[in-house]
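The structure presented is a predicted model; accordingly, all values stated were derived computationally and were not measured. Both ligands and their constituent atoms are indexed starting at 1 by order of listing. As a basis for the values below, the full set of heavy atoms in this structure was taken, side chains included, without hydrogen atoms, waters or symmetry mates.
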Amino acid sequence: MNVAVDGPSGAGKSSVSKAVARENGFIHIDTGAMYRALAYNAIKNNVKVFDADSVDEMLRNTKLELKLESNEQRVLVNGENVTGKIRTEQVSMMASEISKNPTVRAFLLDLQRNLACEYNVVMDGRDIGTVVLPNAEVKVFLTASAEKRAERRYKELLAKNEEVEYNKVLEDVIKRDKQDTERETAPLKPAADCVIIDTSSMSFEESVAAVTKLIKERM
Ligand code: DC
């Protein structure tokens with residue numbers, strides 16, 4: 001069984017998907033981490049992300065691996081564990097930028113589909129229900145107001161001692177929404193057959209319960 005969880009940045013997709021996977025004995029796959037890992041690699045190697053040839057060359061020289069250790073996802077790029085290094089604002093913006101590139105999307109699509117073939121997954125991202133797993137048994141579009149999402153992200157960054165201003169985080173959230181929804185290839189949009197869950201006034205536990213309920217109904 002495959003569960004697709006899509007939605008804009010900061011809607012709580014990853015943390016909700018992780019908890020849902022744990023509760024229901026599924027594997028959680030965070031596809032945003034794959035785009036982030038490629039973005040991190042591009043920054044580290046000064047790759048010109050607007051230049052298709054440079055990105056192609058980077059992909060030819062990139063080995064991306066996802067490892068699951070007690071249901072925790074680790075991301076490795078050319079053997080380097082980048083799991084903790086891909087959660088900065090700089091990497092977020094670069095991931096959104098690089099994800100517009102169709103070659104990058106095709107590069108990750110196979111990896112994502114292979115994982116869904118092998119395991120029962122809760123996979124979260126932007127295009128899981130629409131493109132990656134169009135036949136997923138459960139499709140959820142998790143969303144919340146931009147202000148609420150920025151507030152959650154702001155608190156997360158503060159907890160990690162990152163120096164940030166709320167207004168800048170809100171600005172980035174709005175910019176990323178625009179980039180993700182307006183790109184040509186696999187834009188962020190709810191699948192025709194998804195269930196939209198607005199978590200603006202829901203607690204974390206309520207969001208997890210809402211998705212689990214949909215899974216139980218399909219089982
Ligand atoms: O979910 P996230 O914030 O970690 O994702 C980072 C960026 O990666 C996001 O701004 C857009 C891109 N992304 C995507 O295009 N498709 C996905 N399935 C997942 C993420």
Side-chain angles (χ1 to χ4, degrees), residues 2-18 20-21 28-43 49 55 59 64 66 72-75 77 82-116 121-134 136 139-144 146 148-150 152-157 160 162 164 169-191 194 199 207:
N2 290 326
V3 180
V5 180
D6 290 304
S9 57
K13 293 183 306 289
S14 280
S15 41
V16 169
S17 299
K18 191 171 164 183
V20 167
H28 169 225
I29 308 289
D30 169 3
T31 62
M34 299 178 177
Y35 288 94
R36 285 171 181 272
L38 293 181
Y40 170 88
N41 197 39
I43 295 168
V49 293
V55 175
L59 293 177
L64 186 68
L66 279 198
E72 290 289 329
Q73 178 179 288
R74 305 258 177 280
V75 195
V77 180
V82 299
T83 315
K85 300 175 189 165
I86 56 174
R87 299 288 156 195
T88 64
E89 280 301 278
Q90 189 196 16
V91 173
S92 299
M93 292 312 294
M94 184 59 90
S96 177
E97 194 55 57
I98 209 167
S99 70
K100 290 181 197 166
N101 182 315
T103 319
V104 168
R105 303 204 71 85
F107 178 83
L108 294 179
L109 188 64
D110 281 348
L111 197 61
Q112 293 160 356
R113 284 194 178 147
N114 289 343
L115 287 163
V121 297
V122 180
M123 187 174 283
D124 79 80
R126 302 292 188 289
D127 60 338
I128 311 304
T130 50
V131 176
V132 182
L133 306 175
K139 293 185 187 178
V140 175
F141 193 84
L142 212 62
T143 188
K148 193 78 199 175
R149 290 184 283 122
R152 290 175 186 159
R153 180 95 188 111
Y154 175 66
K155 285 183 183 160
E156 242 173 60
L157 291 169
K160 285 198 283 181
E162 271 201 46
V164 279
V169 177
L170 177 61
E171 208 179 279
D172 282 358
V173 161
I174 293 169
K175 188 169 168 204
R176 215 138 65 89
D177 282 359
K178 189 169 157 59
Q179 282 189 176
D180 294 348
T181 49
E182 290 181 359
R183 68 170 176 239
E184 270 178 41
T185 317
L188 167 68
K189 65 168 182 216
C194 77
T199 67
S207 310

Heavy atoms from other residues, nucleotides or ligands near CD of Gln90 exceed 12 (cutoff 6.0 Å): no

NZ/Lys148: more than 12 non-hydrogen atoms of other groups inside 6.0 Å: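 Check fails, neighbour count at 12 or below.
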
Those atoms of ligand 1 less than 4.0 Å from some heavy atom in Ala95: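 Those of ligand 1 that fall under 4.0 Å from Ala95 are 6 (C), 7 (C).
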
Numbered atoms of ligand 1 (with element) below 4.0 Å of Ser99, judged on heavy atoms: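 By the 4.0 Å cutoff, the relevant atoms are 11 (C), 12 (C), 15 (O).
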
So which bit of [X] gets within less than 4.0 Å of ligand 1, heavy atoms only: side chain, backbone, both or neither?
X      : answer
Arg176 : side chain
Gln179 : neither
Ser96  : both

Min heavy-atom dist Arg183 to ligand 1 below 4.0 Å: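 Judged by the 4.0 Å heavy-atom criterion, Arg183 does count as contacting ligand 1.
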
Close approach, Arg105 and ligand 1, non-hydrogen under 4.0 angstrom: yes

Spacing of [atom1] belonging to [X] relative to [atom2] belonging to [Y], to within rounding of 0.5 Å:
X      : Y      : atom1 : atom2 : answer
Asn101 : Leu59  : CG    : CG    : 7.0 Å
Ile86  : Ile43  : CD1   : CD1   : 11.0 Å
Asp172 : Arg149 : CG    : CZ    : 12.0 Å
Asp124 : Asp30  : CG    : CG    : 4.5 Å

Tell me: protein heavy atom nearest [atom], and distance?
atom                    : value
atom 4 (O) of ligand 1  : Arg36 NE, 2.6 Å
atom 8 (O) of ligand 1  : Tyr35 CB, 3.5 Å
atom 17 (C) of ligand 1 : Arg126 N, 3.3 Å
atom 19 (C) of ligand 1 : Thr31 OG1, 3.4 Å

Looking only at distance, does [X] have an N or O less than 3.5 Å from an N or O of ligand 1?
X      : answer
Ser92  : no
Asp124 : no
Asp30  : no

Backbone of Arg183 reached by a side-chain donor or acceptor of Lys100 within 3.5 Å: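 It does not hold such a pair.
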
Side-chain donor/acceptor of Arg105 to backbone N/O of Ser99, under 3.5 Å: yes

Inter- and intrachain pairs under side chain to side chain donor-acceptor pair (under 3.5 Å), touching residues 107-116, at least two apart: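 As it turns out, there is no side chain to side chain donor-acceptor pair (under 3.5 Å) pair with a partner in residues 107-116 once direct neighbours are skipped.
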
